[in-house]
Amino acid sequence: MFKKALVASSMFLAFSALAQSEVPITGNVASKCVITTDTPGVYGQPTTNVLSTNPQDGGVTPIVRYDIIEADAYKAQISWPNAFSSSPSLNDVVNWDGAVEVSEVSNAEMAAFETNKVLWDNVTEFDLTLAGSVWFKIDSQADYGFNKSFPGGVYRASVLAECIAK
């Protein structure tokens, strides 16, 4: 009798374990902040040891546009380059400098983005408190060694533009 009860309870546990099921739930979240490259940058070379995106130096300043669909839900973090993604072989230090600033806005109140920006290292952060479009220009300069000339070749660097959800 005890054996029959043990076998019956074992079968009940096996069946109850088989009766469980996990049901997946999937969701897709579309960002309410869209980043678009408006103008790709180009380095000019005002002197043999400097590469610069400044138009006065023969460069083209990169510009990115943020389309903010939902106000006060994101921060913009934009990093000017601090390394080449590709370049000829370099045997000395490259000193980097740069700046990020608001260049155009779809809503005049967005001018406050520039006033309230936060800077650290090569990163500039903007609190996207208003909906609309805002354009940011990114200046970049690379200075090679001490009185050294950049070797001939193609130099590439990248701006990192991100929407960070709050």
Nearest heavy-atom neighbours spanning [X] and [Y]:
X      : Y      : answer
Asn107 : Ala131 : ND2-O, 4.5 Å
Thr61  : Pro55  : OG1-CD, 3.4 Å
Thr53  : Ile138 : OG1-O, 3.8 Å
Val94  : Ala142 : CG1-CB, 3.7 Å
Trp80  : Asp121 : CZ2-O, 3.9 Å
Leu51  : Phe84  : CD1-CZ, 3.8 Å

Val105-Tyr66 co-clustered via ILVMFWY side chain contacts under 4.5 Å: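 Same hydrophobic cluster.
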
ILVMFWY cluster, Val100 and Ile63 together (side-chain gap under 4.5 Å):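 Each belongs to a different hydrophobic cluster.
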
Pairing residues for Lys75 by the side chain to side chain donor-acceptor pair (under 3.5 Å) criterion, not counting sequence neighbours: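 Scan of Lys75 (side chain to side chain donor-acceptor pair (under 3.5 Å), adjacent residues dropped) gives none.
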
Asp38: partners by salt bridge (charged side-chain N to carboxylate O under 4.0 Å, His left out), with sequence neighbours left out: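 For Asp38 there are no salt bridge (charged side-chain N to carboxylate O under 4.0 Å, His left out) partners, ignoring immediate neighbours.
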
For Asp72, salt bridge (charged side-chain N to carboxylate O under 4.0 Å, His left out) partners two or more places apart: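 Partners of Asp72 by the salt bridge (charged side-chain N to carboxylate O under 4.0 Å, His left out) criterion, ordered by chain and then number, come out as Lys166.
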
Salt bridge (charged side-chain N to carboxylate O under 4.0 Å, His left out): pairs with one or both residues in residues 43-66, sequence neighbours excluded: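 Listed by first then second residue: Arg65-Asp67.
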
Contact list for residues 80-104, test salt bridge (charged side-chain N to carboxylate O under 4.0 Å, His left out), sequence neighbours left out: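 Sorted pair list: Asp92-Lys148, Glu101-Lys137.
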
About how many Å separate [atom2] of [Y] and [atom1] of [X], when rounded to the nearest 0.5 Å?
X      : Y      : atom1 : atom2 : answer
Asn95  : Tyr144 : CG    : OH    : 11.5 Å
Trp96  : Asn82  : CH2   : CG    : 7.5 Å
Trp135 : Met110 : CH2   : CE    : 8.5 Å

From CA spacing to verdict: side chain to side chain contact (heavy atoms under 4.5 Å, CB included), Gln141, Asp139: CA-CA 7 Å; Gln141 182 172 316; Asp139 294 316; over 6 Å; no

Sub-6.0 Å ring centroid separation between Phe136 and Phe126: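 Distance test on ring centres: under 6.0 Å, yes.
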
Which pairs of donor and acceptor atoms, one on a side chain in residues 150-159, lie under 3.5 Å apart (sequence neighbours left out)?
from   : atom 1 : to     : atom 2 : distance (Å)
Tyr155 : OH     : Pro151 : O      : 2.6

Stepwise side chain to side chain contact (heavy atoms under 4.5 Å, CB included) test for Leu130 and Phe113: CA-CA 9 Å; Leu130 300 167; Phe113 291 178; 4.2 Å; yes

Polar side chain donor-acceptor pair, Ser133 to Ser106, under 3.5 angstrom: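 No.
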
Pair Tyr43, Ser140: side-chain N/O donor-acceptor within cut-off below 3.5 Å: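 Yes, Ser140 and Tyr43 have a side-chain donor paired with an acceptor closer than 3.5 Å.
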
Donor-acceptor pair, side chain of Tyr74 and main chain of Ile68, under 3.5 angstrom: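 No; judged by distance alone, with no hydrogens or angles, the pair does not exist.
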
